[in-house]
Number of protein chains: 2
Amino acid sequence: MNSNITIYDVAREAAVSMATVSRVVNGNPNVKPSTRKKVQDAIDQLGYRPNAVARGLASKKTTTVGVIVPDISNIFFADLARGIEDVATMYKYNIILCNSDQNREKEIHLLNTLLGKQVDGIIFMGGRLHEDLVREFKTSPVPIVLAATLNQDYDLPAVNIDYESAAYDAVKSLIDHGHKRIGFITGPLEQQINGEKKFAGYRNALEEANLPFDEQNVVLGNYTYDSGMKAMNQLLELGEDCPRAIFAGTDEMALGVIHALQDAGHRVPEDFEVIGHDNTRLATMIRPKLTTVVQPMYDIGAVSMRLLTKILNQEEIETNDVTLPHRIEHRDSTRSS
Amino acid sequence: MNSNITIYDVAREAAVSMATVSRVVNGNPNVKPSTRKKVQDAIDQLGYRPNAVARGLASKKTTTVGVIVPDISNIFFADLARGIEDVATMYKYNIILCNSDQNREKEIHLLNTLLGKQVDGIIFMGGRLHEDLVREFKTSPVPIVLAATLNQDYDLPAVNIDYESAAYDAVKSLIDHGHKRIGFITGPLEQQINGEKKFAGYRNALEEANLPFDEQNVVLGNYTYDSGMKAMNQLLELGEDCPRAIFAGTDEMALGVIHALQDAGHRVPEDFEVIGHDNTRLATMIRPKLTTVVQPMYDIGAVSMRLLTKILNQEEIETNDVTLPHRIEHRDSTRSS
DNA sequence: CCTTCATTGTAAAACGTTTTCATTCGCTAT
DNA sequence: ATAGCGAATGAAAACGTTTTACAATGAAGG
């Protein structure tokens, strides 16, 4: 029931002006300790809770940031969101979370809704930046940082890993194990990270090892377990020509791959080696445990948010475009050396 | 750059008053079509975007609801959040998402932050309702609905399944397969749902079948895969007395159980039967696929949010305390009949 | 042609803060 | 004493809407 008591009530109770109350609420040092105490007592007694909306209107700061992700129910994005939220909390921000489903109109609509709500900044993750969206980004009155989202051609603040080199490393390690044919199971090609970067890394590794690129070794999935199974079964139909080493674009697809293999009576890693991507918790919940490229989504989220706070505080920033390190976590779906 | 243009600018541009602009923006029918068009043109031309903060201050509605969950990075809560967000979107609300980590002080602090931000309502999920928290709930100026959170003694709006009966069903089905000793792996006992309800269901089923309750058959985990493994290994140490049927309180723990079993050379479901709880996506990503109690988190989220909108719109409400149906999804970690 | 009532538009008062600027207070240094 | 000064306080103007109370306009009925 303390929702209707205002700064003015507190002022009256403490026999000061509302400006003074505002000062103590905001920690302004120019308040005599005795006055501060008087005001604080009144606040406690009345159960005063500052109205953030009014505050936002007056100060033009809402201490709220918008977060747009494709789908929070996906463990991958959920991890990112947690990273964002944790550092947001640290800096006293709240998060308005939105799911875009990678839908172009929805992305734009959400962006506008968030701007309408006067968020202080936005963190965006999506598969590909469309022109319209970039145009909106460019004219945004508040800073926007891209998380795990590619940014070429535009110079928006962004946090990523080097996907191409990560994919290269993964495929390279497979090649180092003597494989001549490497299967590659990835997501939709129009997705920049999966379709372009990882693919490029795959080809680079092949090329460097003087291995031929064979189109039938790459198959498209949609990130899900089922699509991983399906893709592997498709590969299996190649018979003799089926690659014995698979790089899957996500852990979930890698799981599907391994199970498809096992269902067909093959052993992993003895007969087939499999590398995943992302290092979600899934990776350790399968037998054999999954060797995978670690893409630290939590960290990407945390760093993105930190970058955003730096921009908001006008702190010194080394670079707008940060690349986090990646590595391969070797587990049991690949042979040990 | 359209962030600084106000309703007043639009009014001037369209040669009407700001109230008229407000009317067209809010879809008030009392505006002459020609006027409406004139205003709309001005809005489009200027790129006017209503300031939701000012709007919130004037109207005392923010079209924002607060969501407090333990940890969004957990697939389980993420699913809930998605359900909430989807119907929130449907009703034009946005979501401020907060992670409580089930921490008592944090829960209270978050609640107050959200109330300070003038959310129109709150959806809360937590393990147990502490007294202080309930007190805050009771005096909240906005409605609060509990999602997948027990509510006994207090009459807060809530959406749940019948956990006790769900656990009963699961254990019963194990008993029906002829098992005399049933293992039960659950979460911390102070959690109401896991420690009390599911436990009660377990005991009921035992009792009804005239099976003795044996304390050594129940072991506590912390919901994680690892704790599931550990728990199962502990059970295995019972040797001859080890139960051959396990009910795990979460799918993730069930995964751990199955792998612990397999690592020890046992077969599931031939030697051991396992039932999980929640029916997360994990359940189909393991071999054998997991038989599990389905707790429809997405639906719980969606229904919670819908309930909240009903309260906010003062719609007729049959019951404050909705119980969603549950069922057992029979897959391959239990025998077929 | 005058009333009367809808319809549409206007002006101004909230909404609850922050912030700017002015004022007062309490001292110190003359 | 008193001018001068910094610290503490207060008054009032934003902030950008919604909403209320009216005023103006126009149409219809008598």
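Protein chains get the first letters and strands the later ones, always in sequence-line order, with residue 1 at the start of each.
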Value in whole Å for how far the [atom2] atom of [N] lies from [atom1] of [X]:
X: B/N51; N: C/dT17; atom1: CG; atom2: C1'; result: 14 Å
X: B/R12; N: C/dT10; atom1: CZ; atom2: P; result: 14 Å
X: A/N28; N: C/dT19; atom1: CG; atom2: C1'; result: 11 Å
X: A/Y48; N: C/dG16; atom1: OH; atom2: P; result: 10 Å
X: B/R23; N: C/dT7; atom1: CZ; atom2: C1'; result: 10 Å
X: A/M18; N: D/dG10; atom1: CE; atom2: P; result: 12 Å
X: A/Q118; N: D/dT17; atom1: CD; atom2: P; result: 8 Å
X: A/K61; N: C/dT18; atom1: NZ; atom2: P; result: 13 Å

Check your understanding: Which is true for A/S22 with a 4.0 Å heavy-atom rule: it touches a base, it touches only sugar-phosphate, or it touches nothing?
Key ->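 Result for A/S22 = base.
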
Check your understanding: Of B/A15 and A/V25, whose closest DNA chain C nucleotide lies nearer the 5' terminus?
Key ->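 That would be B/A15.
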
Would you say [X] reaches [N]'s phosphate, i.e. side-chain N/O to OP1/OP2 under 4.0 Å?
X: B/N26; N: D/dT18; value: yes
X: B/K60; N: C/dG16; value: yes
X: B/T35; N: C/dG9; value: yes
X: B/K32; N: D/dG26; value: no
X: A/S17; N: D/dA11; value: no
X: A/N30; N: D/dA8; value: yes
X: A/Y8; N: C/dA14; value: no

Review point. Has A/E316 got more than 12 heavy atoms of other residues, nucleotides or ligands less than 6.0 Å from its CD?
Key: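 Count not over threshold, so no.
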
Practice item. Step through the shown structure and confirm whether more than 12 heavy atoms of other residues, nucleotides or ligands are within 6.0 Å of CG on A/D155. Key: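 Atom CG in A/D155 is not crowded, with 12 or fewer foreign heavy atoms closer than 6.0 Å.
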
Check your understanding: Closer to the 5' end of DNA chain D via nearest nucleotide, is it B/V53 or B/A19?
Key ->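 The 5'-side residue here is B/V53.
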
When you get a sec, tell me which of [options] is the closest nucleotide to the side chain of [X]?
X: B/A58; options: D/dG10, D/dT18, C/dG16; result: D/dT18
X: B/R55; options: D/dG16, C/dT17, D/dT17; result: D/dT17
X: A/I7; options: C/dT17, D/dT19, D/dG16; result: C/dT17
X: B/V16; options: D/dC15, C/dT10, D/dT17; result: C/dT10
X: A/T20; options: D/dG10, D/dG16, D/dT19; result: D/dG10

Exercise for review: For B/T64 and B/K117, run side chain to side chain contact (heavy atoms under 4.5 Å, CB included): C-alpha distance rounded to whole Å, both residues' side-chain angles, the deciding distance at 0.1 Å, then the answer.
Suggested key: CA-CA 9 Å; B/T64 302; B/K117 294 227 169 175; over 6 Å; no

Point to revise | Aromatic ring proximity, centroids under 6.0 angstrom, A/F124 and A/F137 | key: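 Yes - the distance between ring centres of A/F137 and A/F124 falls below the 6.0 Å cut-off.
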
Review point. So, for B/L110 and B/N99, which heavy atoms are closest and what is the spacing to 0.1 Å?
Key: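 B/L110 and B/N99 have their closest heavy atoms at CD1-O, 3.5 Å.
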
**Study point:** Short N-O contact, B/D79 and B/R82, less than 4.0 angstrom
**Key:**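 No.
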
